Amino acid sequence: MKKLLLSLASVALAMTTASAQDIKCYMGTGDLLESGKTYEFNDIVAEQEGDQYWVEMDPKMYLMCDQDVADLYVNAKCTSGHQIGLCCGSTCVSGTDVTKDGLTMVANTKFNLDFDLKPGNYEVVPENVTTELTVGVKDKAETVKSYTVIMNSKSSAVQLVKNANALSYMNGSILYNVEKPGRLTVWNANGQKVIEKNISNNGTVSLKGLAKGIYLYSLAGDRNSVRKIIVK
């Protein structure tokens with residue numbers, strides 16, 4: 001009987017261990033974040049157009065776990081009142097307090113949060129964009145972790161770019177000529193990503209198929225500005 005009880009206890013312990021999901025959060029090139037801590041992101045790029053700015057604030061945050069995760073939720077609450085975007089999963093949401101739920105993660109695979117300041121037209125470059133990020137599995141309190149991210153906490157961190165020679169727009173295509181590989185992203189006016197492509201050397205990316213309207217595009221990894229185009 002004792003052996004049976006010990007066996008049952010071992011099985012129960014194994015099941016408990018297997019169900020424990022340690023979701024880890026990273027920023028940028030792989031800095032592991034600690035739950036409950038505050039982190040600054042000051043790698044900001046802005047392009048001045050007259051008396052207004054197009055701004056890029058993307059801390060490139062992502063999650064990892066050594067197990068598959070189901071029913072994941074992510075909440076981003078901007079306590080400084082700025083409009084932020086959250087595009088993890090199949091759709092984008094934006095606002096000052098946004099949530100994506102019912103998400104799934106694959107074990108040992110990056111799950112990009114696609115969290116950033118909502119691309120837009122600003123009279124001044126936003127400073128101290130403070131967001132409380134919370135991630136976890138529904139109804140599993142032990143998996144919940146939270147992080148505070150302050151974007152552009154120092155105005156001197158802003159790099160103003162007036163001429164981005166690496167990217168240009170011509171005849172319905174984006175032309176690129178880059179010194180090192182990067183990721184080209186195109187958003188529509190609602191902040192939704194419509195194109196995301198790794199690029200290197202030189203070439204073109206066709207915008208055929210996009211509806212008429214205003215779009216933004218940027219090249220991450222090469223410190224280029226967010227730029228505006230009009231697709232006619």
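Just so it is clear, the structure is predicted and the values come from calculations on it, not from any experiment.
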Connected-component partners of Ile150 among ILVMFWY, side-chain separation under 4.5 Å: none
Of all heavy-atom pairs linking Asn152 and Pro126, the shortest is ND2-O, 2.7 Å
If we only count heavy atoms from C-beta on, is the Asp116 to Trp187 side-chain gap below 4.5 Å? yes
To the nearest 0.5 Å, what is the distance between NZ (Lys24) and CG (Asp66)? 7.5 Å
Restricting to non-hydrogen atoms, name the atom on Glu56 and the atom on Ser218 that form the minimum distance, rounded to 0.1 Å. OE2-OG, 3.5 Å
Any side-chain heavy-atom pair from Tyr215 and Ile195 closer than 4.5 angstrom? no
For Tyr26, give me all partners under ring-ring contact (aromatic ring centres under 6.0 Å, His included), at least two apart in sequence or on another chain. Tyr62
State, to 0.1 Å, how close Met27 and Pro59 come at their nearest heavy-atom pair, and which atoms those are. CG-O, 3.2 Å
Flag side-chain contact, heavy atom, 4.5 Å: Met151 against Phe115: yes
What's the shortest heavy-atom distance between Phe111 and Gly89, and which atoms? CZ-N, 4.4 Å
Hey, quick one: are Val74 and Val144 part of the same hydrophobic cluster, counting side-chain heavy atoms closer than 4.5 Å, chains of contacts allowed? no
Sub-4.5 Å side-chain heavy-atom contact between Ser153 and Asn42: yes
Residues in salt bridge (Lys or Arg N to Asp or Glu O under 4.0 Å) contact with Lys145, at least two apart in sequence or another chain: Asp22
Return all side-chain donor-acceptor pairs below 3.5 angstrom for residues 102-110, not counting sequence neighbours, or 'none' if the list is empty.
from   : atom 1 : to     : atom 2 : distance (Å)
Thr109 : OG1    : Ala107 : O      : 3.2

Under the 3.5 angstrom rule, does the side chain of Gln67 hit a backbone N or O of Ile23 as a donor-acceptor pair? no
Which pair of non-hydrogen atoms, one from Ser35 and one from Ser146, has the smallest distance, and what is that distance? OG-N, 3.1 Å
Going by salt bridge (Lys or Arg N to Asp or Glu O under 4.0 Å), name the residues that satisfy it together with Glu34, two or more places apart in sequence or in a different chain. Lys37
Would Tyr73 end up clustered with Leu133 when hydrophobic side chains under 4.5 Å apart are linked, directly or stepwise? no
To the nearest 0.5 angstrom, please state how far the CD1 atom of Ile84 sits from the CE atom of Met57. 12.5 Å
Show me the side-chain donor-acceptor pairs of residues 198-207 shorter than 3.5 Å, one per line, residues at least two apart or across chains.
from   : atom 1 : to     : atom 2 : distance (Å)
Asn198 : OD1    : Arg183 : NE     : 3.4
Asn198 : OD1    : Arg183 : NH2    : 3.2
Ser206 : OG     : Lys208 : N      : 3.1

Without swapping roles, check the side chain of Ser80 against the backbone of Thr130 for a donor-acceptor pair under 3.5 Å. yes
Please report the closest heavy-atom contact between Leu113 and Leu86, naming both atoms and the distance. O-CD1, 3.6 Å
Mark yes or no for whether Asn188, through its side chain, and Asn190, through its backbone, hold a donor-acceptor pair below 3.5 Å. yes
Short question: side chain of Lys100, backbone of Leu72 - any donor-acceptor pair under 3.5 Å? no
side-chain hydrogen bond (donor to acceptor under 3.5 Å, both in side chains) with Glu132: of Thr148, Asn75, Thr38, Thr79, only one passes, and it is Thr148
Taking the side chain as everything from C-beta on, heavy atoms only, tell me whether Leu32 gets closer than 4.5 Å to Met64. no
Lys77 NZ to Thr131 OG1 distance, which is reported to the nearest 0.5 Å: 11.5 Å
What I'd like to find out is whether the side chain of Thr143 reaches to under 4.5 Å of the side chain of Val69, using heavy atoms alone. no
With a 4.5 Å limit on heavy-atom distance, are the side chains of Lys193 and Val186 in contact? no
